[in-house]
Structures are given as structure tokens and as C-alpha cells.
Amino acid sequence: MSWLDALGLALTSIRRRRARTALTALGVALGSALLVALGSVGSAAESRAVEHLGQGLPVGAIKVAPARPAFLQLNSDEFETRGAHAIDAGTITRVKALPGVSGVLPVQAAPVLAVPSAGGSYSAVMLGTDLGAGGLPVTVLAGRLPTPSSATEVAVAPSYVTRAHPGGSPADALGDRLAVAEPKVVGAPPGAPMVRWFQAVVVGVISEQFAQADLLVPLGQTQAAHAWQGVQQDGSYDPDSPYQQLIVVTSGLDQVHRVRAELYDLGYASAAPEHVLGAVLRYLHVVDIVIAGIGGVAILISALNVANALLAAVRERRREIGVLKSIGAEDGDVLRWFLLEAGLIGLVGGVAGAVAGTLMAILIGVQVVDYLTSQGLVLDPIQLSDVPFGVLFAGIAGSVLVSLVAGVLPALRAARLPMRETVGGL
Amino acid sequence: MAPIIEVRGLAHGYQGPGGEIPVLAGLDLEVEPGAFVALVGRSGAGKTTLLAILGGLERPQSGVVVVGGVDMVTLNGRQLAAHRRRTVGFVFQHFGLMEALTARENVELALTVAGAPVRARRARALELLEQVGLAPRADHLPGRLSGGEQQRVGIARALANRPPVLLADEPTGNLDRRSGELVLELLEAARRDTGCAVVLVTHEEHAAARADRAWLLDNGRLRAA
């Protein structure tokens, strides 16, 4: 008997005992759902933690300051400086050549006052970077990024949309006119600020606050602001550095410490949430282990359920097994019949569980986000895209595999039944 | 002509609580191709055991059992399964139909196990059901057929792979007289049309009377009845 014929026989057996099959598959589905839901929540928690601690920068990003590193720099996530050290084009070339570095973005920030045409004003950080560089780690929600040579185009963060178009969508902000004031403090002690204005037009909305920027502009725009403002920074930074900061994107979290060590050797202070992130990820790993344990127990219970149901089926079908053998079926044919039945139950339960688990994860996410929002922490809710394919695959494939393993004993028992006894009347 | 079934000195027994219980003791039997043989005897005499050994459901403990030219003693598990597919067809007292399969699918099952192509299975199953007068009920489940009809499906299934030997164990035991007669007529027709030998185990005299020869199984051996 071919596998296909055995599959047909297994499907027929399942159809015949729909209620029992449904209950058995439900048990598998519960285990799978628990595994998928917990796995998805765990994965989403990890990605949210990385995003939150990354402060708007891509995963594995390092900020580099125009300053020399202090002795304990590598033990700290923050800048630990001991004197100025300018970042110039040569620095960028050297950093790009470091192993584990996938991108380098020179940035310059300037404190500004943004005045939307709709009214009101707010203090903002205007960030300039090389917008012509490929692989910029920014997601555009609406519109586009400013052209690299433009002196009037800006992209805004969602916070602008919230202020200027309450309840509106990112696209509503496109074309808005925005007055940007660059203040300059003069005199000692500081006197009244002088202000230079420029009119900007919003050409795009970016998904997150890239490096905590409210406005994203071409690098030349912030370099001009920097020159005008003559920013007096902490004495340990080089105020004349052509670039105020570098954002170094590494090829992964595991490369962050190594690249920071290389930057230390190059003589630059750096900041990255590697220690706090490491601690959080270790904590989440423990949570993952607990989740896997709970999911494992759930799957084990469903496996016992499958084994029990199939053992009952073997008892019920003794005569059918005997008749099948009397017409020439081999032990292997009977084994295939029962194993495929177990696998089908696992597949049905696994798919149902994956769907239910995804819904559970989204519902749990809504509750968690509601709670965290009430505690003042803003996080994105869990969405369908947060459910990792690996977890879904593990939920379905695991259910099938566990059901197959659970079906081995009943299938072997069925295959080895003495023929004479099973056919009964013969 | 060489016999299709040849048994010499067959001894077989079962392990009971008090030791070995002999059932067959030096039994001899020869059945010619196309013969219709009836086995009668009291309950527990060993008729069904003999049928199970001839059909490859059970291995003989000693003696020579040659069916279709093959010595059953020498066959391993897979070869015994092949023997059941090609050489023998079983007709059970309890019909032995799969409840979830239709009459046609039950007949097809024997062809499926034998590895026949899908189209050939369907055509052959319908042909057999036509022969036993059940073509209009081909798509009925066993639960919707009478006992006699179920047994006719059982006979169609037994004949599916054109076996040279048909082994029928009390095929009329669960049927009324009229249905039983119809089943016996079908067995005779199968013998006549396909040339297969029929070995019929029965308690009923009128059934045994239809055979070319009837044997009484007594004390583990056969005697002319």
C-alpha cells in the first residue's frame, strides 16, 4: 500500500470519528496555541526592548562623539570622555573599514524652535545626516526624505503630526510649511538670544524618532546651523569637529562590543546600550526558557492525549486491522495508516493552535500595552508581523512531530497485533 | 494435475493454561484446482485454524503445507502477506467490511493493498459488484446494506485479485436461509467462472452438500463426511 493510499485510509478513519478527532486535535491545538502565543509575546517583548533601549537608532548602532575615550569607556553605555578629538573624513574612512561595521552615518544636531503654520511652537532637535547615503536606517511613513542638497525640505517625526494634525495620518503633514528658528546665545554672561529663521516644507514623515530627532534635514543644513550657533558644548567635545557625531551601524548586536573596542583603539568615545541591553536580553532569555518549559509541558500533555486516543482506536479497530492484513496488508501498511492518522491530527491541531495562538498574542499584547501606557511607557502593540515565522512553524511542525512520536506506540501495537486474533470470527 | 492445496502431516496447537492444547494432529489434505471442498466438524475441532494456516494468517508448527505451489513453512512475514494478496481470498462470517468505506471502496481496498492503479481498481470493483448484483448499491456504506448484501460485497472483495483459492469461514452463519443460498450460489459461480478452488467451513448440512467433497475434522484429522 502506498503512502498516498495509507493517507486516504487515515483520512477516512478521521472522517468517521469526527467528534473524537476534533477533541484530540483540540488538545493539540491548545498546546500549540500556548506555545505560539507565549513565543510571540516573548519575541515581541525582546524586539520592543531592543527598540526602546536603542533610542530610535537601528539595532546594533553605536554613537561616536568627537572626543577621546576615558579609561573606563568600554565598561559604560554612555560617553566617557577625556578631551576633544575631531571627527573628520579620515575618521569616517577608518571606521568604515573596521570589521563588523555595516554602515557609518555622520550626523550633526542643532537645537531649534519649530513653528508649524497651524500655530504653536515647540523646542526640537534638528538632525542632519548624509541623506544621499544608501541604507539609511529610517522608515518613511509618508512622502520622502529631503533631497541631499535642499535647504528648505525637512522630514518630521510622528510627534509633529500629533501636534499639527491631532488624530490625522502622516500623509496629512505633507506640504505643511514650518518656520524653524536657530537660536544663538551671545555675550558673557549669556544675554538675549539672536535668532536666524528659515522656512521649511515638510516632504516626509519618518517612522520613529531617528536618533531622537524631531526634524531630519540634509547634513549641510545642520552644519550651517552649527556654524551660526557656535555651539558651546561640554569642554571634552571638539566644538570645531566637522561632524558632531557618527552613528556606526554594526552587523549585529554581537558585534557592538568588538566595534566599540576598535573605536576605543582609534581614540574615540562611544555610546551604545550594550550593557543594559545585554542585561535585559539575559532576563528575557530566562523568560524564554520558562515560556519554552510551559509550552513543552502543554505539548507533552497533548502528545499523551493523542497517544491515548490512538490506543483506543487500535482497540476499536482490531477487526479492521485483521481484515486489512487478511487481504494482504503488511505490518508496515498498518503502521503507516496509524502514523499518518496521528500526523493529520497533529497538523489540524497545529494549524488551529497557530491561528488561535496568534490571536491570543495580539490580545495579550493589547492588555500589556494598555497597562504600560497607564504607567507612562509608550510601546507599539503586538501586530501580526510581530509573530515570528519560526514560532508559527515550530507550533505547527512541533505539533505534527509530537503527534507522530505519540502515535508510534499505538501504531506499532496495531501493526503487531496477531492476525488470527484480530479477524475474530475466522 | 498438481493440487492447489497440499497438506501433509500438519500438526498445530495452542498454549493453554495447563500446557499445549493440540488442535491438528498429522492432518493430510489435497485440493485440486477448481474443486469445491467443505470442512465440517464440531466447534473447536480446528476448522478455522486449518483455514488460517492455509490463508497464511498463522504459521504451521509442523508438517508440510503447500498452497499454490508455495511451501508456507518457508515464507517470512512479507512473503506471507504477498501470499494473502495473490493466492487466497477470504470470506468471513462477520463479513469483515470497513464501516467507513462504501461497498465499492471495500472491494477496491483489496486492489489498493495489491498495488493496482487507481483507474483499474475502480473498474474492477464495479465489475465485481455487478457480478454479485450490487452495482446499484456501490456507493452505499455497509451500515445501509443487509447482511446478505454485505456478504456479497465480501465475496466481491475476496475475488478482487483473482485468487486461485477462496477460503470461506461460515459465510452463511449470520444469514437467513435465502440470503445464505444466494451466497453459496455466488461461491459456486466464482468457482465455475474463475476456476478457483473453494474451501468452505460450515456447520450447515445443506451448505456442505453443495461441495464436491465434504470432510469431517475430528481429533485433529480429516475423515470423509
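All of these numbers come straight from a predicted model, not from anything done at the bench. Residue numbers start from 1 in every chain, and the chains themselves are labelled A, B, ... in the order their sequence lines are given, proteins ahead of strands.
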What side-chain donor-acceptor pairs closer than 3.5 Å can you find for residues 287-315 of chain A, not counting sequence neighbours?
residue, atom, partner, partner atom, Å
A/Ser302, OG, A/Ile299, O, 2.6

Q | Toward chain A, the part of B/Ala114 with a non-hydrogen atom under 4.5 Å | A |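 Interface part for B/Ala114: neither.
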Q: Name all residues meeting the side-chain contact (heavy atoms from CB on, under 4.5 Å) criterion together with B/Leu134; count only those two or more places apart in sequence or in a different chain, and write none if there are none.
A: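 side-chain contact (heavy atoms from CB on, under 4.5 Å) check on B/Leu134 returns B/Leu129, B/Val132, B/Arg137, B/Glu149, B/Arg152, B/Val153.
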Please tabulate, for the side chains in residues 393-408 of chain A, all donor-acceptor contacts under 3.5 angstrom to protein atoms that are two or more places apart in sequence or on a different chain.
residue, atom, partner, partner atom, Å
A/Ser399, OG, A/Gly395, O, 2.6
A/Ser403, OG, A/Ser399, O, 2.7

(Q) Quick check: under 4.5 Å, non-hydrogen atoms only, which of residues 73-87 of chain B neighbour chain A? (A)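 B/Arg78, B/Ala81, B/Arg84, B/Arg85, listed by number.
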Q) In terms of heavy-atom proximity below 4.5 Å to chain B, should A/Thr12 be classed as side chain, backbone, both, or neither? A)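 The answer is both parts of A/Thr12.
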Q: Specify which of A/Leu324, A/Asp331, A/Asp333 makes the most heavy-atom pairs with chain B at under 4.5 Å.
A: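 Option with the top pair count is A/Leu324.
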Q.
If we ignore hydrogens and angles and just use 3.5 Å, is the side chain of B/Gln93 paired with the main-chain N or O of B/Asp169 as donor and acceptor?
A.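 Here the side-chain-to-backbone pair does not exist.
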**Q.** Separation between CG of A/Leu335 and CZ of A/Arg416, rounded to the nearest 0.5 Å
**A.**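 It is 8.5 Å, given to the nearest 0.5 Å.
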Q.
Can you confirm whether more than 12 heavy atoms, excluding those of B/Glu205, are under 6.0 Å from its CD atom?
A.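 Counting neighbours around CD of B/Glu205, 12 or fewer heavy atoms of other residues, nucleotides or ligands fall under 6.0 Å, so no.
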Q: Step by step, work out the salt bridge (charged side-chain N to carboxylate O under 4.0 Å, His left out) result for A/Arg17 and B/Glu99.
A: CA-CA 11 Å; A/Arg17 297 169 178 84; B/Glu99 293 297 318; over 6 Å; no
